[in-house]
Each structure stands twice: as structure tokens, then as C-alpha cells.
A.B. asks: 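Okay, handing you the structure first.
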Amino acid sequence: MTRESSGADDARDTHFGFRSVPEAEKQGHVDAVFDRVARRYDLMNDLMSGGLHRLWKDALIAWLAPPKTGAGWSVLDVAGGTGDIALRIAEAAPAAEITVLDINPNMLDVGEARARKRGLAGRLTFVEGNAEEIGLPDQAFDAYTIAFGIRNVTHIDRALAEAYRVLRPGGRFLCLEFSPVDMPMLDRIYDLYSFNVIPAMGRLVAGDAEPYRYLVESIRRFPDRETFAGMIEAAGFSRVSYRCLSGGIAVLHSGWRI
């Protein structure tokens with residue numbers, strides 16, 4: 001198990017939840033959020049999804065369908081520091097070559113510890129780096145996965161361009177992300193739960209409501225599923241499609257580099 005490094009930056013204003021911040025400062029704010037929740041990341045996702053994130057991640061692996069036999073198939077899991085997706089892939093595809101990239105070293109520490117605990121340390125390579133500037137070779141991977149991470153990057157278009165760059169022809173892009181809910185009644189219930197219950201539970205269980213408040217707000221600022229699908233196509237991907245999960249609370253997006 002090894003760790004390497006890379007990075008990115010910019011100016012102008014962008015959003016951090018419902019706040020406007022200089023682009024150059026957003027990554028620092030996001031890092032601070034994940035520094036505070038790294039050790040309780042699974043708990044954070046349980047609070048935000050009512051535990052459904054585990055089923056959604058299983059759905060990602062099922063749609064990815066990693067090969068169970070044969071060496072040489074490689075996957076890059078971005079913003080996957082704690083190893084939630086990568087460990088699932090390792091168990092589903094014993095011969096897969098798996099690289100986990102995350103900008104936050106505290107998240108990577110959690111993932112490395114989890115890999116050791118499961119006896120999978122030798123199967124995963126952990127890389128410290130930015131989704132907008134991955135710093136790995138062109139056309140190096142057969143698959144690129146990212147779960148609940150792309151809404152936290154400053155420039156989504158750059159992250160998608162990097163995903164396209166590092167995939168081989170025939171490679172698969174899969175993104176699992178929360179989505180603005182537009183189903184009548186469910187949207188009201190979801191807003192009530194998100195803005196009132198989740199921060200309160202974060203304060204009660206984790207002793208800190210602010211990271212949970214930002215994460216709820218960041219979902220509302222993320223593009224709707226059709227807009228995001230268009231962004232994936234604009235990055236060069238073909239056969240772009242998506243699957244709504246749990247009434248559209250989360251969405252799986254797929255694209256191929258042809």
C-alpha cells in the first residue's frame with residue numbers, strides 16, 4: 001500500500017454551501033469539513049441517507065460489474081479516501097488493480113486503516129491528489145468511480161475532463177451523487193429532514209453541526225440530473241445515462257470513453 005501526491009487552485013467567487021467564497025479558498029473550506037468528519041465519515045453518510053448510502057454504493061458496484069477473474073483491469077476511485085467504494089471493488093474483483101485518490105490525508109488515513117483491518121492493504125494504492133488535477137498518466141484506467149465527492153470540487157468541468165483523460169478507450173465513468181429531489185411531497189419531507197434533522201443529529205452524535213449543514217447545502221447547489229448528464233457529455237463521454245435511486249435522492253451517472 002503506497003501513497004503519492006498532486007494539486008490545483010484558482011480565483012473568482014464560487015459557492016460553499018449557500019455562502020459565496022473566493023474560488024481559491026473553497027478547497028480549504030472543504031478540507032476543513034472533511035478534517036472534522038473523517039473519523040466519523042460512515043456515521044455522516046448514515047445520518048444523511050438514513051443508512052441507504054450502503055445500498056446505493058452496492059448498486060454502483062453492481063452497475064460497474066468489475067470482472068471477477070483476470071488480471072490487468074484497473075480502477076481509479078476518486079474522493080474515495082475512506083475506501084468505501086474501493087473495498088467493495090476489491091471484494092467483488094479479486095484481480096482488480098485499485099487506486100484510491102483523495103485530496104484529504106485524514107480521509108486517506110481512515111481508508112488505509114480499514115484496508116489493513118480487512119486484510120486488503122496490498123490490493124489498494126492510496127494517492128493524495130486533487131480530482132481537478134489528478135497527476136496520473138493518460139489512459140491509465142479501465143474505470144473511474146466517484147461517490148458523493150464531485151459536488152465538493154471547485155470546478156466540476158475540470159474534474160470531468162480529468163476523468164476522461166485518465167480513462168482508456170472503452171473505459172467507464174460512474175458517479176454516485178446526491179441529487180435535488182423534485183418528486184412532490186418527497187421534496188418537502190426531504191428538505192425538512194435535511195435542514196432540521198441532519199444538523200441536529202450531527203450536533204448530538206458527532207458534537208458538530210456545521211459540517212453536516214454544509215453537506216446538506218452542497219446538495220442543493222449541485223446541478224440537477226439532466227444538467228449534470230449534459231456536463232458529462234460535454235466532457236467527451238458517450239452513451240451517458242443515469243439511474244435514480246430512492247425517489248431521486250441519489251443518482252448514479254454513467255458514461256463511456258469511446
A.B. asks: Run through F222, F178, F173 and flag the one making a ring pair (Phe, Tyr, Trp, His ring centres under 6.0 Å) with F228.
C.D. replies: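 It is F222, the one option of F222, F178, F173 that forms the ring pair (Phe, Tyr, Trp, His ring centres under 6.0 Å) with F228.
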A.B. asks: Given 3.5 Å as the limit, does a donor-acceptor pair link the side chain of E132 with the main chain of T154, or not?
C.D. replies: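 Judged by distance alone, yes, a pair lies under 3.5 Å.
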A.B. asks: So that I can tick it off, tell me whether R123 and E97 are bridged by a salt bridge, with the cut-off set at under 4.0 angstrom between side-chain N and carboxylate O.
C.D. replies: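 Here E97 does not pair with R123 in a salt bridge, since their nearest N and O are not under 4.0 Å apart.
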A.B. asks: Taking I189 as the starting point, is it possible to reach V216 by hopping between hydrophobic residues whose side chains are less than 4.5 Å apart?
C.D. replies: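 Not linked; separate clusters.
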A.B. asks: Is a donor on one side and an acceptor on the other found under 3.5 Å between the side chain of R114 and the backbone of T82?
C.D. replies: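 Yes: the side chain of R114 pairs with the backbone of T82.
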A.B. asks: Atom OG of S241 and atom CD of E233: how far apart are they, to the nearest 0.5 Å?
C.D. replies: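 Answer for the OG-CD pair, S241 versus E233, is 10.0 Å.
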A.B. asks: Nearest 0.5 Å please: distance from the CG atom of L52 over to the CG atom of D58.
C.D. replies: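 The CG atom of D58 is 11.5 Å from CG of L52, to the nearest 0.5 Å.
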A.B. asks: Any link between V251 and I156 through a network of hydrophobic side chains (Ile, Leu, Val, Met, Phe, Trp, Tyr) touching at under 4.5 Å?
C.D. replies: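 V251 does not cluster with I156.
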A.B. asks: Might you work through the side-chain contact (heavy atoms from CB on, under 4.5 Å) test for I249 and W56, ending with a clear yes or no?
C.D. replies: CA-CA 10 Å; I249 293 173; W56 299 336; 3.6 Å; yes
A.B. asks: Nearest 0.5 angstrom please: I98 CD1 to I89 CD1, how far?
C.D. replies: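 Going from CD1 on I98 over to CD1 on I89, the span is 6.0 Å.
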A.B. asks: Of H253, E177, M231, which is the lone residue that meets side chain to side chain contact (heavy atoms under 4.5 Å, CB included) with I150?
C.D. replies: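 That would be E177.
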A.B. asks: For L176 versus A250, what's the shortest heavy-atom pair and its separation?
C.D. replies: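 Looking at all heavy atoms of both residues, the closest pair is CD1-CB, 4.2 Å.
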A.B. asks: What distance separates C175 SG from L60 CG, expressed to the nearest 0.5 Å?
C.D. replies: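 That separation rounds to 8.5 Å.
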A.B. asks: Hey, does the side chain of D142 reach the backbone of S74 with a donor-acceptor pair shorter than 3.5 angstrom?
C.D. replies: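 A pair under 3.5 Å: yes.
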A.B. asks: Which heavy atom of A147 sits nearest a heavy atom of I85, and at what distance?
C.D. replies: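 Residues A147 and I85, closest heavy atoms: CB-CG1, 3.8 Å.
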A.B. asks: Which of these passes side chain to side chain contact (heavy atoms under 4.5 Å, CB included) with V127: T99, I134, L108?
C.D. replies: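 Of T99, I134, L108, side chain to side chain contact (heavy atoms under 4.5 Å, CB included) with V127 is met by T99 alone.
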A.B. asks: Does the distance from a Lys or Arg side-chain N to an Asp or Glu carboxylate O, for R88 and D84, drop under 4.0 Å?
C.D. replies: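 The answer is yes: the pair qualifies as a salt bridge.
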A.B. asks: To the closest 0.5 Å, what do you measure between CG (D191) and CG (N196)?
C.D. replies: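 Separation between the atoms: 9.5 Å.
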A.B. asks: Do the charged groups of R165 and E162 touch, with an N to O distance under 4.0 Å?
C.D. replies: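 Counted as a salt bridge, because a side-chain N and a carboxylate O are separated by less than 4.0 Å.
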A.B. asks: So T145 and V75, side-chain contact (heavy atoms from CB on, under 4.5 Å) or not? Walk me through it.
C.D. replies: CA-CA 7 Å; T145 58; V75 58; 4.3 Å; yes
A.B. asks: Should V78 and Y164 be regarded as members of a common hydrophobic cluster, given that ILVMFWY residues are connected when their side-chain heavy atoms come within less than 4.5 Å of each other, either directly or indirectly?
C.D. replies: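 Yes, V78 connects to Y164 through the hydrophobic network.
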A.B. asks: Any donor-acceptor pair under 3.5 Å linking the side-chain atoms of S254 with those of W63?
C.D. replies: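 Absent: no donor and acceptor within the cut-off.
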A.B. asks: Looking at side-chain heavy atoms only, is the closest gap between D109 and M107 below 4.5 Å?
C.D. replies: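 With C-beta onward as the side chain, the pair stays apart.
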A.B. asks: Between L87 and L120, does a side-chain contact (heavy atoms from CB on, under 4.5 Å) hold up when you go through it step by step?
C.D. replies: CA-CA 8 Å; L87 291 170; L120 295 169; 3.8 Å; yes
A.B. asks: On a heavy-atom basis, which atom in D102 and which in A79 lie closest, and how many Å separate them?
C.D. replies: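 In this case the closest contact between D102 and A79 is OD2-C, 3.3 Å.
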A.B. asks: Kindly give the heavy-atom pair with the smallest separation between F126 and G81, and that separation in Å.
C.D. replies: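 Residues F126 and G81, closest heavy atoms: CE2-O, 3.6 Å.
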A.B. asks: What are the two closest heavy atoms between I219 and R151, and how far apart are they?
C.D. replies: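 Scanning both residues, the minimum pair turns out to be CG1-NE, 3.6 Å.
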A.B. asks: Shortest non-hydrogen contact from A90 to L124?
C.D. replies: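 A90 and L124 have their closest heavy atoms at CB-CD1, 4.1 Å.
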A.B. asks: If you count heavy atoms of other groups shown closer than 6.0 angstrom to CZ of R188, is the number above 12?
C.D. replies: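 Open: at most 12 neighbouring heavy atoms sit under 6.0 Å from CZ of R188.
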A.B. asks: Within the 4.5 Å heavy-atom criterion, are V197 and L192 side-chain neighbours or not?
C.D. replies: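 The answer is no; the side chains never approach within 4.5 Å.
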A.B. asks: Going by heavy atoms in the side chains, are R168 and F141 under 4.5 Å from each other?
C.D. replies: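 They are not in side-chain contact.
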A.B. asks: Give the intermediate values and the outcome of side chain to side chain donor-acceptor pair (under 3.5 Å) for residues Y242 and E226.
C.D. replies: CA-CA 9 Å; Y242 61 80; E226 292 290 347; 2.5 Å; yes
A.B. asks: Determine whether W256 and L64 fall in the same hydrophobic cluster, where Ile, Leu, Val, Met, Phe, Trp and Tyr are linked whenever their side-chain heavy atoms lie under 4.5 Å apart.
C.D. replies: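 No, it is not one cluster - the side chains of W256 and L64 are not joined through contacts under 4.5 Å.
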A.B. asks: Scan for salt bridge (charged side-chain N to carboxylate O under 4.0 Å, His left out) pairs involving residues 236-258, sequence neighbours excluded, and state none if there are none.
C.D. replies: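 Every pair satisfying salt bridge (charged side-chain N to carboxylate O under 4.0 Å, His left out) with a residue in residues 236-258: there are none.
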A.B. asks: Would you check if P137 and V166 make a side-chain contact, meaning some heavy-atom pair closer than 4.5 Å?
C.D. replies: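 Result no, sub-4.5 Å side-chain heavy-atom pair not found.
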A.B. asks: Would you say that L245 contacts L252 through its side chain, given a criterion of any heavy-atom pair below 4.5 Å between the two side chains?
C.D. replies: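 In short, these two side chains touch, coming nearer than 4.5 Å.
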A.B. asks: Can you check side-chain contact (heavy atoms from CB on, under 4.5 Å) on I146 and D77, steps first, answer last?
C.D. replies: CA-CA 6 Å; I146 182 167; D77 183 44; 5.5 Å; no
